[in-house]
J.: 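Provided herewith is a single structure, encoded as structure tokens, for subsequent inquiry.
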4 protein chains.
Amino acid sequence: MKGEKRKQLILDCAKKLFAKQGFYRTQISDIVREINIARGTVYQYFANKEEIFICLLEDAYSKWEKAIYDAVELINLKTITPVEYFRLRIKTTLDFLLADPDICEIVMSMGFGLPEGLEKATRKLEEKIRDIALNDFKLGLHNGYIRESINTLHAAEMIAAAVLRSAYYFQNNKKEEKQIDKITDEIVNLFAPGIFTADVLAALS
Amino acid sequence: MKGEKRKQLILDCAKKLFAKQGFYRTQISDIVREINIARGTVYQYFANKEEIFICLLEDAYSKWEKAIYDAVELINLKTITPVEYFRLRIKTTLDFLLADPDICEIVMSMGFGLPEGLEKATRKLEEKIRDIALNDFKLGLHNGYIRESINTLHAAEMIAAAVLRSAYYFQNNKKEEKQIDKITDEIVNLFAPGIFTADVLAALS
Amino acid sequence: MKGEKRKQLILDCAKKLFAKQGFYRTQISDIVREINIARGTVYQYFANKEEIFICLLEDAYSKWEKAIYDAVELINLKTITPVEYFRLRIKTTLDFLLADPDICEIVMSMGFGLPEGLEKATRKLEEKIRDIALNDFKLGLHNGYIRESINTLHAAEMIAAAVLRSAYYFQNNKKEEKQIDKITDEIVNLFAPGIFTADVLAALS
Amino acid sequence: MKGEKRKQLILDCAKKLFAKQGFYRTQISDIVREINIARGTVYQYFANKEEIFICLLEDAYSKWEKAIYDAVELINLKTITPVEYFRLRIKTTLDFLLADPDICEIVMSMGFGLPEGLEKATRKLEEKIRDIALNDFKLGLHNGYIRESINTLHAAEMIAAAVLRSAYYFQNNKKEEKQIDKITDEIVNLFAPGIFTADVLAALS
DNA sequence: CATGAATGAGGATTCATTCAT
DNA sequence: AATGAATGAATCCTCATTCAT
């Protein structure tokens, strides 16, 4: 139990530092200095620096997946409108990202230039978001909610990028006291007209 | 003249390697081995590794600005429609990014975790794209082309992210023989309905 | 009593590992993992890693001395021939070494490159074997059994080396089902002609 | 050319230190301090500590092989007696070992407990000596010089061990001003009676 | 200008040993 | 006595940068 706490302490500190300085500029010495433990202690819990990083991401991914799953549990799939459903997806993801700005920062980096194995690991979240969007699109097409003309994969990519970017934008404009709901609406309003069929959109007004 | 050629050789090689491996994993030894010059020679042209990186980006930025400027030169501002203008911006940027996939890759990384000064430098392109979009929005609002309801800054961010992401998407799906025009249309079709006023959109059909 | 058993457990395990991997490559963690005790427990019985090693050797040395002593107890010094006596020495030593191949391996290493104090400790067995041989030679010379011409110290060194080497050779050729007696004979037959006087040798046939 | 000299400097120093302290206790810092170069310089010539060690041994092995080869070149194989031939082998090897006491010390260690790959490397010399002896025995048997009764492999092992041990013994008794020739004779006199047939031995007197 | 050997600060990782429980 | 988490000194190796030729 004590050990688990320690591990978490290291992970939390590492997350903060990785988010601020990236992988290379964050040194084990920074971590141990910050939380006042010995160098070796880190290696009692993690094989190496990379493992800390991966562990961090995997924690985040499983949290995100749970959040997505839980969000859908709470709603009535029978009565929700397609646009509301879209909105829910966006909001759930934003809630998640904004609840953990450091992970948000880390994932936004897309892992460019990281050691071999880590690159893929960091790109996973964006891929997961994209894949969920893609899947939703397929369902929507089948039900006639989504415009036949769109390239679903490309659209999903753009939406994933925009959502991540919005989270990032939100972090850096917090002074405006912007509500997550407002941000969500802005995303929905920007994309909905290009995604949904006229029928779906008409029902909105 | 010979010197200038050498400098360019170094820059080209560095660009390729930075794009493939990022800043930290690219070593001076990699560069000199690749182009068969001596270690010291690099330092005849650049103060240090960071300067190579910055130089690279600045080259790219000025090329992009020129491209944007040239594109507008060629058109008749009087007769072009707002959507066509939007489309032109997108296409110009995509043309530029796809003509130089390495820079595209570097910029996509957003400089996360780079040495102090470089972070800002890498984020510049996305900012530039966003700022142009923002500026266009202001003009468009003034002329009644853009919906009053949108948050222009946020929308500009999202569009910038989506365009960069599209370039990236394009690289990795080249096998589909997708035309830049098609990609451009997909972007325009996704965003236009959410951006432009009903009047502008009506004129399309 | 329980404690004594534990100490022995540690020693046995350490012997096995030291024999397989040497001093440096054997880690305390290897030992405790193998016998399922806690790290700290080792230090209840031994001051440090070196002490385990020394303790191991000393155990071996006293066993060897007892073996040598016992062997002589059992024979009739009056009637034994010089060659038979030589043979007995060799066989006793081989019996001892082959009964404990791990110690054999450790001693064969001659302690090269070990931490300061241990070098001397590991060399002791070879020295002991050599010294016994040397002493026997002196007796033999006095009784006219040993050729006057030989350099007893040098010969003793070579015999000690050859016996240790034979033990090692035996380990690695066990498949041949070679008997210790056969190995012993081979050693005796190789050395006896060069060591003993013609008189002693003549009595053999 | 300058580089080759540096490499040799490092090798020489490393040999001295490895011989004195073994592999593990010899640190790169020891080497660079001793010959007054920078840490990194070592790694310009060798990938790592192990490579220095291996390089050292391989140098020694090729020198030994050359010595063995040259020695046979100089003699008249027609007229040399079997015992003289045996003597020549011993002397050549002793000359070689005593000309380079550090290598002698390193090889004597038999690599026990070294990192994986190095163990085998250090054992090579003893094996090479043994193999040459073994080969000579086979020739000798065929010509009726060697007693049919001996186990050639085992005898070769013992002789190799004894020769190496003699070299070691010689190092530590130098004060006696012992000549290599004398040591060689002692080895020959100890082993010859046990190895050669009565005919060959009779011809000696 | 070009070279490439030399530099050495810097960082990750290991592992024997300690000590509070 | 036993535990095992914590310690931190020790060590290998990297790599951007310099500088004499």
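Order of the sequence lines fixes the chain letters, A, B, ..., with proteins taken first and strands second; residue numbering starts at 1 for each chain. The model shown is predicted, which means the values in this text are computed figures rather than measured ones.
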J.: Tell me which pairs pass side-chain hydrogen bond (donor to acceptor under 3.5 Å, both in side chains) where either residue lies in residues 30-40 of chain C, with sequence neighbours left out.
T.: C:K16-C:E34, C:S29-C:R39
J.: With sequence neighbours left out, which residue pairs that include part of residues 50-64 of chain C fulfil the side-chain hydrogen bond (donor to acceptor under 3.5 Å, both in side chains) condition?
T.: none
J.: Between E:dC15 atom C1' and C:D30 atom CG, what is the distance in whole Å?
T.: 11 Å
J.: Test of understanding: with salt bridge (Lys or Arg N to Asp or Glu O under 4.0 Å), list the residues that count as partners of D:D102, not counting sequence neighbours.
T.: none
J.: Would you say E:dT7 has OP1 or OP2 under 4.0 Å from some side-chain N or O of D:R6?
T.: yes
J.: Among all residues two or more places apart in sequence or in another chain, which pass the salt bridge (Lys or Arg N to Asp or Glu O under 4.0 Å) test with D:K124?
T.: none
J.: For the residue pair B:I103 and B:A60, what are the closest heavy atoms and their distance?
T.: CD1-CB, 3.6 Å
J.: Between D:N36 and B:Q44, which is nearer to the 5' end of DNA chain E once each is assigned its nearest nucleotide?
T.: B:Q44
J.: Can you give me the N/O atom pairs linking the protein to nucleotides 14-18 of chain F at distances under 3.5 Å, or say none if there are none?
T.:
unit_1 : atom_1 : unit_2 : atom_2 : d
F:dC15 : OP1    : B:Q27  : OE1    : 3.1
F:dC15 : OP2    : B:Q27  : OE1    : 3.4
F:dC15 : OP2    : B:Q27  : NE2    : 3.2
F:dA16 : OP1    : B:K49  : NZ     : 3.1
F:dA16 : OP2    : B:I28  : N      : 3.1
F:dT17 : OP2    : B:Y43  : OH     : 3.1
F:dT17 : OP2    : B:K49  : N      : 3.0
F:dT17 : O4     : B:R39  : NH1    : 2.7

J.: Would you classify D:Y45 as touching base, sugar-phosphate or nothing, given that sugar-phosphate means primed atoms plus P, OP1 and OP2, and contacts are heavy atoms under 4.0 Å?
T.: sugar-phosphate
J.: For C:I35 and F:dA2, what is the distance between atoms CD1 and P respectively, to the nearest whole Å?
T.: 11 Å
J.: Only counting residues at least two apart or in another chain, list the ones meeting ring-ring contact (aromatic ring centres under 6.0 Å, His included) with C:Y24.
T.: D:Y24
J.: Sorted by first residue and then second, give each ring pair (Phe, Tyr, Trp, His ring centres under 6.0 Å) pair with at least one member in residues 26-47 of chain C; sequence neighbours left out.
T.: none
J.: In whole Å, I'd like the distance from the CG atom of A:L9 to the C1' atom of F:dA6.
T.: 13 Å
J.: In chain order, what residues pass the salt bridge (Lys or Arg N to Asp or Glu O under 4.0 Å) check against D:K120, with sequence neighbours excluded?
T.: none
J.: Rounded to whole Å, please give me the gap between NZ in B:K5 and C1' in E:dC1.
T.: 16 Å
J.: Does C:T41 reach the main-chain N or O of C:I37 with its side chain, forming a donor-acceptor pair under 3.5 Å?
T.: no
J.: Using a 3.5 Å cut-off on both pairing distances, which stems of three or more Watson-Crick or G-U pairs include DNA chain E?
T.: E:2-21 with F:2-21
J.: Given atom CZ of B:R33 and atom C1' of E:dT3, what is their separation to the nearest angstrom?
T.: 17 Å
J.: Measure from CD1 on A:I31 to C1' on F:dT7 and round the result to the nearest Å.
T.: 17 Å
